[in-house]
Amino acid sequence: MRDVILTLDDLNEAVAHFAKYDEFVIDLETVGDHRGVPIANEITWVALATYGRAIVIPMGHPNGDELISKDTWRKNKQTGEREVVPAVWSDPPRQLRPSQVWKALEPLLFSPRRKIAHSATFDLGSLAKYYGGRVPPRPFGCTLVAGWLLDENRLNGLKNLVQDRYRHKYDTENVGKCVEKHAFSTVARYAYLDAKYAWLLWRTMSGDLVEQNLSRIMSLELGVTECLLDMHQTGAYVDEDRLLELEHELVIKLEEIKTRLFRAAGKVFNVNSPQQKQDVLFGPKKTGGQGLKPLKLTDGGVKKKRAKEQLTYRDYSTDAETLEAYPENEVCHILLEYAEVDKLLSTYVYGYLGRNNQPRRIFNGRIHPQFKQTGARTGRFSCSAPNLQNVPRPGTELGTKVRSLFIAPPGHKLLVADWGQIELRVLAHYLGRGALYEGFLAGVDAHTATAALVFGVAWEDVTKEMRQVAKGLNFAIVYGAGPETVASMAGIPVSEAKRIMEVHETQFPEIYEFKRSVISTVRKRPGHDLTTLLGRKRRLPEIAASQGWLRGKGERRAVNSLIQGSSADLIKLAMVRLHRAVKAADSPIRLSLTVHDELVVICPEDMVDVGSKMLQEAMIGEEIQAWLKVPLTADVVVCDRWSDAKD
DNA sequence: CGCGATCGCGCC
DNA sequence: AAAGGGCGCGATCGCG
């Protein structure tokens, strides 16, 4: 019996052992520019673990165990640039070919056995490309998700969990980050321990989840895992022709803006450097600066002030809010123009195309973002490589152009659905009484209803401005913002914001009672934790801190986490429901994106009616509505480009 | 050179 | 009296 599998006989013998059990761990080592991206990475090691056995299967590791010469640098005589001369290793042992390994593992991977990984979305998603895009079927297990549900505040990396639970540090060299730079035996031991420990963790965490009443939310999350695996394969379609046109347009625009900027400033400087911007804006006129008064401290500046250190203009912000305070200053005006174009060009256009030596994010006309179900402590998804949860909205012309890059493939439409005011509805559900709650029951617009009460006018006399102020107010409640934030959001004086907030408190007393009650409940709980609608926990030890500012943060987080976290629960449930319905109907519609309260679906043109119904049913059907005392609404828009789905 | 901190900003 | 909650990413800059 061997742990390191180098022959077909050994592999078949090992597979026979694994086939005796109904669950196993799988862990992969990946290489290549896209090693972190399941759709595009390359697997060079597979490790498996189950009852009584763990194995590693190398299938293309380049190194033996003897390091003959290390990495060195040399100067290229022609270009003068430094080049790396890669390390030389002894030959590795003869390994199985990937095709042999994938064939032998297929009966395990595509069986109803439970496949467990430390990030099932990553490992199982990475396998799909070797099986024609087929993702292994449920059931799954995931020690990352389990660890995160058990404690969202700790580092839930495999190494951290093993160190915490077993006091064993087996990866001081960070082997997994770059396996191809390590000796064969080093990687073999590393991969073996990864799989072995993931197995041990799964066994113990499963019990912990039951004990801590987290089994139900874990089941939901494993449904999410299943859904995310298919979403990653689907991705989002991009109009690459338009993307290249937009790149051209923005590059030219940026050059033109820079020319004007340097002429207005009277000098050339690095526009992306906050330091140089401070010199230009706040420096005295005699040294060629604009001599403007700094207004707002940076975060670093606030820290220095708190520490009672000496402040200079280097501690003041050059952000958009500051620049907008000087509308008549030409330099400020042009800097604002520059910022918008530069942001869109570098983050979105260059980001997707992989300019400046970054990895390209488009594969066969599609972007495959990684939605991370453990990405946010509240329970929300985060999204990366690239982040498609912060694509500009169709507010400005350029913003519209960026969002319009996301399209339906030929013969298809996008179905874009979002919930109306989900967070306020969750809040109203928890209140169970009062104007907000009654308003939602009566089907009136929440911001308008708030404005009517705060300004003491009839519902039909609420102006746009009043509604805007009320909207800011409602955000402030959920986020725990102060009068200054409300004032700047609504474009009114701080004194006015204070007055309005006081009126708000008299008109909506139950909201303030609810907030106080959430905070005091969390503070009294031994774990300083709260539980969301569907049973997710958030632990907030800082709510008992001695420093006032930290305690305040904990209090705002408590209120926000209950609302944001419950909304996250609901969209996860909606996604699982949609995924389940699609599978049951063997429907060709595919979930593409999830953006907190919005789902984007790809649907064949001739099925948009049934597709829209399925989507709507997934988001506001009985099983969802049963969780809330107030009704939910979901709008579905059928369109060709994401930008066409405006509110 | 790589890394982390900082600033700034896109979204809900 | 005063307090924005949650993310990811690009560019710069200082450090080892």
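Below, chains carry the letters A, B, ... as their sequence lines are ordered, and counting in each starts from 1. From a predicted model like this one, the values you see are computed outputs, not experimental measurements.
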Problem set entry | Nucleic acid footprint by protein, nucleotides 7-12 of chain B - heavy-atom cut-off 4.0 Å, B for base, S for sugar-phosphate alone | SBBBSB
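- Taking the side chain as every heavy atom from C-beta outward, T594(A) and C383(A) never approach each other to under 4.5 Å.
- The stretch residues 542-559 of chain A touches DNA chain C through K553(A), R556(A), R557(A), each having a heavy atom within less than 4.0 Å of the strand.
- Closest to the side chain of S382(A), out of dT6(B), dG4(C), dG8(C), is dG8(C).
- Defining each end axis of the helix from dC1(B)-dG16(C) to dC12(B)-dG5(C) as the rotation carrying four pairs' C1' atoms onto the next four, with five pairs an end, the two axes are found to diverge by 0° to 10 degrees.
- Within the nucleic acid shown, K177(A) comes within 4.0 Å of sugar-phosphate atoms alone, with no base atom in reach, counting heavy atoms only.
- Across the protein-nucleic acid pair, F269(A) atom CZ and dA11(C) atom P stand 17 Å apart, rounded to whole Å.
- The nearest whole Å value for the distance from the CD atom in E152(A) to the P atom in dG6(C) is 11 Å.
- Taking atom CD of residue Q358(A) and atom C1' of nucleotide dG10(C), one finds them 8 Å apart after rounding to whole Å.
- Among pairs with a residue in residues 473-484 of chain A, none fulfils salt bridge (Lys or Arg N to Asp or Glu O under 4.0 Å), at least two apart in sequence or across chains.
- Rounded to an integer number of Å, the gap from CZ of F475(A) to C1' of dG6(C) is 13 Å.
- In terms of the side chain to side chain contact (heavy atoms under 4.5 Å, CB included) criterion, residue partners of V595(A) (sequence neighbours excluded) are, by chain and number, Q389(A), E598(A), W642(A).
- Rounded to whole angstrom, the span from the CG atom of N270(A) across to the C1' atom of dG14(C) amounts to 16 Å.
- A cation-pi arrangement is absent between K343(A) and Y338(A), since the terminal nitrogen or guanidinium carbon is not both under 6.0 Å from the aromatic centre and inside a 45° cone about the axis.
- Not one side-chain nitrogen or oxygen of R377(A) sits closer than 4.0 Å to the OP1 or OP2 atom of dG5(C).
- When distances run from any side-chain atom of K498(A) to the nucleotides dG8(C), dG14(C), dA2(C), the shortest one goes to dA2(C).
- Sorted by first and then second residue, the salt bridge (Lys or Arg N to Asp or Glu O under 4.0 Å) pairs involving residues 505-515 of chain A (not counting sequence neighbours) are R433(A)-E513(A).
- Sorted by first then second residue, the ring pair (Phe, Tyr, Trp, His ring centres under 6.0 Å) pairs that include residues 478-514 of chain A, not counting sequence neighbours, are Y430(A)-F514(A), F475(A)-Y479(A), H504(A)-F508(A), H504(A)-Y512(A).
- Rounded to whole angstrom, the span from the CD1 atom of I477(A) across to the P atom of dA3(C) amounts to 17 Å.
- Residues satisfying the salt bridge (Lys or Arg N to Asp or Glu O under 4.0 Å) test with E502(A), not counting sequence neighbours, are none.
- In this structure R154(A) satisfies the salt bridge (Lys or Arg N to Asp or Glu O under 4.0 Å) test with no other residue, sequence neighbours excluded.
- When ring centroids are compared, H34(A) and F363(A) come within the 6.0 Å threshold.
- Residues meeting the salt bridge (Lys or Arg N to Asp or Glu O under 4.0 Å) test with D597(A), sequence neighbours left out: none.
- Listed by first and then second residue, the salt bridge (Lys or Arg N to Asp or Glu O under 4.0 Å) pairs that reach into residues 347-357 of chain A are E247(A)-R355(A), sequence neighbours excluded.
- Taking the P atom of each, dC9(B) and dA2(C) are spaced 26 Å apart, rounded to whole Å.
- Within the nucleic acid shown, A476(A) has no heavy atom closer than 4.0 Å to any nucleic acid atom.
- Put simply, CG on D279(A) is 14 Å from C1' on dT12(C), counting in whole angstrom units.
- Across all strands shown, T485(A) has heavy atoms under 4.0 Å from base atoms, whether or not it also approaches the sugar-phosphate.
- Distance CZ (F381(A)) to P (dC7(C)): 14 Å, rounded to an integer number of Å.
- Residue pairs meeting the salt bridge (Lys or Arg N to Asp or Glu O under 4.0 Å) criterion with at least one partner in residues 541-566 of chain A, sequence neighbours excluded, are R523(A)-E555(A), E542(A)-R557(A).
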